[in-house]
Every structure is written in structure tokens, then in C-alpha cells.
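A short worksheet on the structure shown next.
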Amino acid sequence: MARPRLVTVAGSPSVGKTSVILRVLDLLAAEGQKVGVAKFDSLSTEDDAAYARRGIPVSVGLSGGLCPDHFFVTNIEACLEWGQRQGLDLLVSESAGLCNRCSPHIEGVLAVCVVDALAGIHTPKKIGPMLRLADLVVITKGDIVSQAEREVYAYNVRLANPRAPVVFCNGITGQGATEVAFHLRAAEDTGGLEGRRLRFSMPSAVCPYCVGETAIGETHHRGNVKTMRFEDQR
Amino acid sequence: MSAASLGALTRAYPRVGAFLATFPVPRPDEIGLDAWLDGLGEETLADLGMTRPQILDHVRRLQQEDRQAGPEPVRAVTILGGRDKLGRAEAVELTIRAGEIVCIVGPTGSGKSRLLADIECLAQGDTPTGRRILINDAPPPPGSRFAPERKLVAQLSQTMNFVVDLTVAEFVAMHASCRQVADADAVAERVIATANALTGETFAPTVSVTQLSGGQTRALMIADAALLSASPVVLIDEIENAGVDRRRALDLLVAEDKIVLISTHDPLLALRGGRRLVIRHGGIAEIITTSAAERANLLALERVDAGLMDIRERLRRGERIDDALEPWK
Ligand SMILES: Nc1nc2c(ncn2[C@@H]2O[C@H](COP(=O)(O)OP(=O)(O)O)[C@@H](O)[C@H]2O)c(=O)[nH]1
Ligand SMILES: [Mg+2]
Ligand SMILES: [Zn+2]
Ligand SMILES: [Zn+2]
């Protein structure tokens with residue numbers, strides 16, 4: 001049996017990833033594809049219940065004290081093996097980047113970034129590799145903001161990522177899900193992930209607070225520490 | 001590309017300038033892109049979240065986009081019928097031309113949204129309805145279908161609001177500059193003046209967009225969609241009537257050569273269209289051409305509406321409404 005094809009779906013918490021994935025997988029499942037989800041989160045999630053209610057097999061990984069994106073990279077190969085044991089054709093990973101700087105996107109694996117039109121027109125400028133290096137950008141919650149804001153938002157998304165098609169998808173009504181499904185159908189065979197590379201390195205800095213320090217003050221700053229510079233002290 | 005100074009590069013390619021401006025590092029005008037990237041160093045690049053080749057590829061693509069001419073104007077959209085929810089053939093071939101208004105009627109759940117979604121995604125027999133959409137009497141070229149600069153439909157509906165924290169003038173000018181229009185400020189002024197002509201309660205350019213009333217908000221949205229939106233098709237979904245001159249609004253969209261689709265049961269809008277599509281069981285069941293008698297009735301309804309608008313205006317001014325009202329004949 002072959003490995004399922006993999007699609008990584010990333011986006012900040014509550015942008016509408018689960019809603020969009022549910023809508024799109026409904027369409028693909030109706031075509032007879034066997035679809036499943038690998039959900040990554042830090043502390044807890046209720047998404048698994050949402051997927052299970054629709055009869056979609058789901059595995060959950062909670063990263064606890066680690067950045068969920070780092071945890072993702074360590075465990076995605078095992079998730080793909082899980083998907084293979086479930087007999088899946090397509091495995092979608094859902095993860096929430098918490099720092100706007102990490103990104104789970106892998107070379108040669110279809111990478112989707114979900115962003116939220118309600119988050120404000122400048123948001124696309126603030127998201128790093130997760131948006132800039134995605135293959136498909138899905139904009140949700142366009143039903144709440146004006147057409148003009150949608151156009152400005154889409155323009156800013158385009159500046160941040162001139163490679164990817166941009167699709168508006170309403171996570172509640174499913175409007176736009178057909179287009180997202182169109183792109184997911186084109187996802188390439190993933191094969192194994194061994195030896196593949198992330199599209200961009202995760203932040204390498206491990207500061208004292210990453211490894212358990214709780215005391216504040218310069219004497220506790222060991223290892224990779226970055227300090228701010230102030231205009232008035234140049 | 002690498003030879004030109006950053007100043008010259010960003011002047012010639014506004015998108016490149018806007019992209020590089022999102023990097024919080026100094027960007028001297030005189031040096032070239034390569035020299036600038038050399039000077040940044042590995043650590044800064046890692047902080048910016050892109051490798052050097054990724055930045056160069058990004059800049060090259062944005063240059064391409066800045067060079068590209070806009071898409072060919074859309075003169076006509078054609079809907080080739082598919083099948084309804086019961087699997088029956090939808091025997092329809094409907095062409096809607098620029099400057100035309102077509103209304104869509106039918107109960108909730110009848111399939112109005114699906115029709116609009118089919119148009120929006122330029123369905124090619126690959127949606128649940130099996131419909132196909134032609135642009136300018138031909139299938140859209142492959143590749144153009146999901147291209148962002150090709151967003152066919154601008155949508156206006158009840159649930160949409162301005163959420164951005166800017167004044168009317170600031171926001172409209174920002175939209176104009178994203179559309180790369182020549183004189184953004186002049187166009188912005190025109191949009192605001194047009195919006196004010198559509199609403200009974202005028203507003204100043206200095207007011208925040210989130211502070212506009214319902215009527216002012218709709219008026220600004222319609223003026224912006226008519227004059228600034230790139231999308232040739234404007235879809236109006238059940239827009240409330242309060243405070244907007246609907247007739248002028250539609251005249252404006254028609255004058256700008258938009259293809260106007262209105263999902264509505266408001267008689268003033270529904271009878272203003274040249275045709276209306278009756279949706280039943282997920283399919284277009286009938287196409288009604290607005291008759292001469294219906295047009296005459298529209299005139300009567302407009303008089304009633306004008307009478308109501310007038311009373312609303314008098315109430316706003318604090319007047320009493322105790323005179324014998326004309327039956328608006
Ligand atoms: N209005 C609106 N709400 C949405 C849309 N997409 C998602 N939501 C809502 O946003 C909230 C978060 O969605 P969810 O899919 O759980 O986000 P996730 O954390 O990214 O998986 C939920 O209440 C959804 O119903 C959309 O397109 N429009
Ligand atoms: Mg979720
Ligand atoms: Zn992180
Ligand atoms: Zn840390």
C-alpha cells in the first residue's frame with residue numbers, strides 16, 4: 001500500500017482552518033477519496049471531535065511546552081505512516097503557527113496557508129514563511145468585511161506571496177471550497193518524507209526561557225539572547 | 001535588475017517597493033538589490049524569514065506582475081446550464097452583457113448561492129451543478145481561472161462591514177493605490193463624492209469608516225465597487241434599502257459597464273433588472289423578461305418609495321407627520 005499524499009495546512013489560531021478543511025474534505029470524500037487529518041496543537045484541541053463527527057479519521061499531536069511547528073516536523077513522518085495504516089489517499093495536516101515565524105511547509109509537499117480577512121489589511125505583511133512560501137493561500141471570513149477591504153487584503157497577500165493562487169473561502173457556507181478542492185486534487189504523490197527539507201528553517205535561537213528559566217534579569221540571560229536597541233540611546 | 005539602484009527599482013516597480021518596505025531594515029536608495037542583500041548578512045536574513053534566493057525570486061515575480069497589462073475587459077458572461085438537484089437538465093444558455101442588470105429570485109435554499117458560486121469560480125462542468133461559464137463567448141483560458149487578478153465577482157451583502165481603522169479618505173486612497181490608478185487622491189475624492197450622492201445623510205472624508213451609518217456604509221461600498229473594484233461583475237445580495245438611493249446606485253454600476261447580478265425580492269430592485277432568473281430545486285427554472293406592464297408598476301412603486309423617503313427625511317428633521325398624506329399617485 002502506498003503512502004497517502006500529504007497537504008500541510010497552516011494558519012494562526014481561529015482563522016478558520018478546521019472549517020475550511022471540513023468543507024473541502026467533504027467534497028473530496030464525495031468523490032470517493034479516503035481522507036484523514038493529522039491535527040497539531042500546543043495545549044489542547046477540540047478539532048478532533050469536529051472531524052470525527054464527519055467520519056474523518058484524525059490523529060492528534062499535542063506539543064505541550066514545544067513550539068507546535070517544531071513538534072510537527074519531528075512527528076509528521078509518523079503521522080503519514082498512521083495515515084497509510086488507515087488506508088488514506090490524502091492526509092491533511094492542520095497546525096497553528098503561534099509565532100508567525102515558524103512554518104511547517106515542506107519542499108515538494110503542497111503547502112496551504114489560511115489567513116483571515118477579519119484580522120486586518122496589514123496582517124499579510126506580518127506573517128513569515130508560513131504565508132510567503134505557501135503554494136496556495138486561502139482567505140476566510142470575507143463574508144464579514146467589505147469588498148474594498150477584501151481587495152486590499154488580497155493585494156497585500158499577493159505582495160507577501162506572488163507565487164501562490166489566492167482563493168477566498170467561507171468556512172461556514174463553504175463558498176470557495178470547490179476551488180480549494182481543485183488545488184488539493186493536484187497535490188503530488190508525497191512518497192516518504194525521509195530526507196525532504198523544510199522550505200525555511202525554524203528559528204534557531206534557544207533562549208534561556210525556552211529551556212525553563214523563569215527568573216527575570218540580565219544575570220539569568222545565558223545562551224542565545226537578543227536585546228532591543230532604543231533610538232534615544234544610539 | 002541587479003544593476004539598478006534600489007531607488008530606481010522600487011520607483012519602476014511599486015509592488016517591489018511595497019514588498020521590500022515590509023522588511024524592518026534600512027534600505028538605502030543608492031545601492032543595488034544584490035549589494036543590499038550582501039550587506040544584510042545571514043542572521044538578518046534569517047530574522048526576515050526568507051533566504052536570499054527566495055527574496056530574489058519574489059522580487060522577480062512582483063516585477064512581472066507590475067509589468068503585466070490588466071486582463072482583457074469582460075464584455076459578456078454566459079451561463080451554460082447543467083442539471084438541477086433532481087438531476088434534470090437545466091436547458092439554459094444565458095448571456096449577460098456589460099451594463100446589464102439581472103435579478104435572481106427564489107426561496108432560501110433554492111440554489112441562488114450555488115449559481116453565484118458557479119460564476120465566481122468560472123465553473124467548467126466540475127461543480128455539483130455541471131454548469132459551464134463562458135467569458136466573452138469563450139471558455140476562460142486555462143490558468144486564468146484562479147488567478148488573483150482575475151477575481152470576476154465583487155460582492156456586496158448585508159453582513160459585510162468596514163472593519164479597518166482608517167478614515168474614509170485614507171482607506172479609499174489606499175484601495176486606489178493598490179489598484180495602481182494614476183491619481184489615487186483624485187479618484188478617492190470622486191468615490192467619496194459619488195457615495196455622498198447615493199445617500200441622504202452625507203459624510204465627511206475625515207470620518208472613520210467604522211463610524212458610518214448603515215446607509216452611508218452601503219453607499220460607500222457601492223461607489224467603491226463601481227469606480228475602484230477590478231471585478232467586472234458586481235453581485236448584490238439582499239442589500240437593505242435604508243438610506244441608499246437604489247435607483248442611482250444601479251445607474252452608477254450600469255454606467256461603469258458592470259455586469260450586475262442582484263439576489264433580491266425587493267420589488268424596486270427586482271423590477272429594475274432587464275431579466276430575472278427564477279431558481280427552483282437548484283436550477284434556473286425560468287427566465288422572465290421584465291414586461292412593459294411591470295415597468296409601469298415599477299414607476300408606481302418608485303413613487304411610493306419616494307414618498308416614504310420623504311417622510312423619513314422629515315422625521316429626521318424633527319417634523320410632525322400629521323398632514324393628510326397623498327396616496328403617492
Ligand atoms: N464569518 C465567518 N466565520 C468563519 C469563517 N471560517 C471560520 N469561521 C468561524 O471562525 C471560528 C474559528 O474557526 P476554526 O475553523 O475553528 O479555526 P481554526 O482554529 O483555524 O481551525 C469558528 O467559530 C468558525 O465558525 C468564515 O469564512 N466566515
Ligand atoms: Mg482548528
Ligand atoms: Zn515557532
Ligand atoms: Zn525562548
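Naming convention: chains lettered A, B, ... in sequence-line order (proteins, then strands); numbering from 1 in each chain.
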Response to the item:
Whatever's closer than 4.5 Å to a heavy atom in chain B on A:Leu133 counts as side chain
Discussion item. With a 4.5 angstrom heavy-atom cut-off, is it the side chain or the backbone of A:Ala160 that approaches chain B, or both, or neither?
Written reply: backbone
Fill in: A:Lys125 side chain near B:Phe23 side chain, heavy-atom distance below 4.5 Å
no
Discussion item. What part of B:Met50 gets within 4.5 angstrom of chain A, counting heavy atoms only: side chain, backbone, both, or neither?
Written reply: both
Fill in: Side-chain touch B:Phe162/A:Val145, heavy atoms, less than 4.5 angstrom
no
Worksheet item: Within a strict 4.5 Å, meaning less than it, do heavy atoms of the A:Leu118 and B:Val163 side chains meet?
Response: yes
Discussion item. I'd like to check B:Met160 versus A:Arg150 (side-chain heavy atoms, cut-off strictly below 4.5 Å). Are they in contact?
Written reply: yes
Worksheet item: What part of B:Asp165 lies closer than 4.5 angstrom to a heavy atom of chain A: side chain, backbone, both or neither?
Response: neither
Discussion item. Nearest 0.5 Å, please: how far is CD in A:Gln175 from CG in B:Leu116?
Written reply: 7.5 Å
Discussion item. Using heavy-atom distances under 4.5 Å, tell me whether A:Ala154 contacts chain B through its side chain, its backbone, both, or neither.
Written reply: neither
Worksheet entry | Region of B:Thr159 in contact with chain A, defined by heavy-atom distances below 4.5 Å | both
Worksheet item: Hey, does B:Gln54 have a side-chain heavy atom less than 4.5 Å from the side chain of A:Arg132?
Response: no
Worksheet item: Are any of the side-chain heavy atoms of A:Tyr155 and B:His175 separated by less than 4.5 Å?
Response: no
Worksheet item: For the candidates B:Asp47, B:Val16, B:Val172, B:Leu166, which exhibits the highest count of non-hydrogen atom pairs separated by less than 4.5 Å from chain A?
Response: B:Asp47
Discussion item. Side chains of B:Phe171 and A:Glu149, heavy atoms from C-beta outward: is any pair under 4.5 Å?
Written reply: yes
Worksheet item: Any side-chain heavy atom of B:Thr22 sitting closer than 4.5 Å to one from A:Leu159?
Response: no
Worksheet item: Hey, which of B:Ser231, B:Ala225, B:Ser229 has the most heavy atom pairs under 4.5 Å with chain A?
Response: B:Ser229
Discussion item. Test your reading of the model: is there a side-chain donor-acceptor pair from A:Gln147 to the backbone of B:Asp224, 3.5 Å cut-off?
Written reply: no
